[in-house]
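Within every chain, numbering begins at 1; the chains are lettered A, B, ... in the order of the sequence lines, protein sequences first and strands thereafter.
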Number of protein chains: 2
Amino acid sequence: MTTTSPQGRTELLRPDGSPVRVLVVDDEQSITELLSMALRYEGWQIRSAGDGHGAVQTARDFRPDAVVLDMMLPDMDGLSVLGRLRRDLPDVPVLFLTAKDAVEDRIAGLTAGGDDYVTKPFSLEEVVARLRGLIRRSGAADRRSDSVLVVGDLTLDEDSHEVTRGGDGIHLTATEFELLRFLMRNPRRVLSKAQILDRVWSYDFGGQANVVELYISYLRRKIDAGREPMIHTRRGAGYLIKPAVS
Amino acid sequence: MTTTSPQGRTELLRPDGSPVRVLVVDDEQSITELLSMALRYEGWQIRSAGDGHGAVQTARDFRPDAVVLDMMLPDMDGLSVLGRLRRDLPDVPVLFLTAKDAVEDRIAGLTAGGDDYVTKPFSLEEVVARLRGLIRRSGAADRRSDSVLVVGDLTLDEDSHEVTRGGDGIHLTATEFELLRFLMRNPRRVLSKAQILDRVWSYDFGGQANVVELYISYLRRKIDAGREPMIHTRRGAGYLIKPAVS
DNA sequence: CGCGTTTCTCAGAGAAATCACAGCTTGGGG
DNA sequence: CCCCAAGCTGTGATTTCTCTGAGAAACGCG
């Protein structure tokens with residue numbers, strides 16, 4: 001089931017109308033806090049744990065609809081945690097967090113069962129999007145909710161990563177895609193550069209805030225080129241996207 | 001929930017009808033006083049603290065619906081305070097105050113959970129507006145309250161920053177927008193130039209008082225141009241806005 | 001390892017917004 | 001009806017913000 005919040009955002013709900021529950025497991029507190037904050041803002045109910053034992057225990061009575069699991073925990077390795085989680089909750093989808101340089105083939109096997117993973121450092125948009133996908137596909141939330149965002153004649157498919165405007169396919173790079181997704185998930189709302197940076201770029205990004213300007217510029221070339229513009233600047237406030245005709 | 005006060009102002013209330021509670025944390029007493037005064041005037045219940053420990057303690061039993069938090073406190077850094085606040089009040093939205101030049105220096109992740117920030121020196125209108133936005137979106141206040149101010153055929157959307165009169169879109173600069181918002185939040189009420197200056201311009205503004213006249217003039221060109229005027233001068237007293245037909 | 005692609009920094013051009021100043025207009029008290 | 005204070009607005013200097021080209025560095029893939 002999906003409902004539309006007053007902000008115009010669509011949120012996932014479980015079939016019985018209660019909020020989706022997500023368990024976040026990471027030993028770095030800054031990470032669990034960051035994730036908890038962002039995921040709560042999605043309207044989900046969050047619990048967090050700092051190690052494998054805590055995770056298994058919490059999962060037992062919290063019965064989450066999805067788990068975010070760091071593969072590198074102090075007390076047990078990710079696979080053991082996964083095994084024990086699955087004993088209690090056989091169908092819960094898991095989003096793994098792994099270091100960039102971690103052995104990819106081990107993860108590959110794990111994700112075969114419908115799970116997914118993101119590498120650290122991640123961007124919140126990425127984590128949220130993948131979690132939404134996992135939950136949607138797991139059937140914990142209404143399956144009718146689909147993965148295509150539409151604003152005016154612009155469409156973005158979160159599953160296939162396909163973007164079209166007026167029917168024409170548009171190729172975007174990964175960053176461009178995430179930026180556009182964030183804009184399209186908040187249509188007609190002014191988003192500040194800080195918000196965009198916090199959401200679309202990795203949490204450890206230490207660079208210049210004008211990357212946002214730069215990527216907006218790239219997006220405009222691809223999305224708005226020669227058409228009625230959909231991406232607008234609110235000087236001193238931020239950017240927003242809205243249907244062209246308005 | 002929203003109600004309309006006798007003066008014609010719309011104020012946020014909590015679902016149970018009690019006033020919204022806000023905790024203000026800053027080490028400069030002049031700032032906490034300035035803010036407390038302005039926020040009380042919104043009909044909110046205010047407590048203030050001068051350091052991190054005080055903030056955490058006060059938050060514990062005051063249980064605010066929102067927190068205004070200076071990032072630069074004498075006893076602990078902003079992030080620690082945030083962490084402890086969140087332990088007790090996981091969902092409370094936070095409005096950060098930061099120095100202008102510190103902006104680049106890691107606001108990272110702060111706006112990610114739906115929080116927001118303003119840079120010092122700020123204008124009271126800005127703080128109030130952002131707090132209202134945070135509270136509205138956090139669900140502490142009734143979600144029916146929306147973000148559009150309406151006076152006669154003039155509308156102002158605080159989310160999209162869109163302004164229309166009689167259906168026609170009107171482009172305003174940042175300062176014009178804030179001035180109009182202040183007027184529209186106080187329709188049919190005379191606002192003195194001093195009030196406007198205190199409210200719409202930053203607290204350290206040292207310029208000529210006639211900027212207000214200047215910006216009223218700009219607004220009239222855009223809002224009233226060729227139409228029945230809505231912005232009126234009360235010579236010697238100030239300005240007011242009201243529906244054209246009266 | 002090499003090549004095409006993507007990400008990001010830097011810096012300059014340009015546009016827009018803000019504000020001071022000054023001269024002009026208006027309203028109303030005497 | 002005159003005059004002055006209060007208010008209005010044109011001009012232009014200055015500051016601030018945004019856009020974008022060029023190129024360096026990092027990445028991904030064969």
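Separation of the B/His161 and B/Phe177 ring centroids falls under the 6.0 Å cut-off. Aromatic pair A/Trp201/A/Tyr215: centroids less than 6.0 angstrom apart.
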How far apart are the C-alpha atoms of A/Glu42 and A/Arg199, what are their side-chain angles, what is the distance that settles it, and do they pass the salt bridge (charged side-chain N to carboxylate O under 4.0 Å, His left out) test? CA-CA 12 Å; A/Glu42 291 296 310; A/Arg199 194 75 192 192; 2.9 Å; yes
What string of B, S and - do you get for nucleotides 7-12 of chain D, 5' to 3', when a contact is any protein heavy atom under 4.0 Å? SBBB--
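With rounding to whole Å, B/Glu178 atom CD is found 10 Å from C/dT18 atom P. Note: CZ (B/Phe205) to C1' (C/dA17) measures 13 Å, nearest angstrom.
A sub-4.0 Å separation between OP1 or OP2 of D/dT18 and a side-chain N or O of A/His232 is absent. Contact annotation: A/Thr173 does not reach the phosphate of C/dT5 (side-chain N/O to OP1 or OP2, under 4.0 Å). Side-chain nitrogen and oxygen atoms of B/Trp201 include none within less than 4.0 Å of the OP1 or OP2 phosphate oxygen of C/dT18.
Under the 4.0 Å criterion applied to side-chain N and carboxylate O atoms, A/Asp224 and A/Arg165 are assigned as salt-bridge partners.
In this structure, A/Glu213 places its CD atom where more than 12 heavy-atom neighbours from other residues, nucleotides or ligands lie under 6.0 Å away.
Considering only the side chain of A/Thr175, C/dC8 comes nearest among C/dT18, C/dC8, C/dC10.
Between A/Leu124 and A/Asp198, the shortest heavy-atom contact is CD1-O, 3.7 Å.
Residue whose closest nucleotide on DNA chain C sits further toward the 5' end, between A/Glu176 and B/Gln208: A/Glu176.
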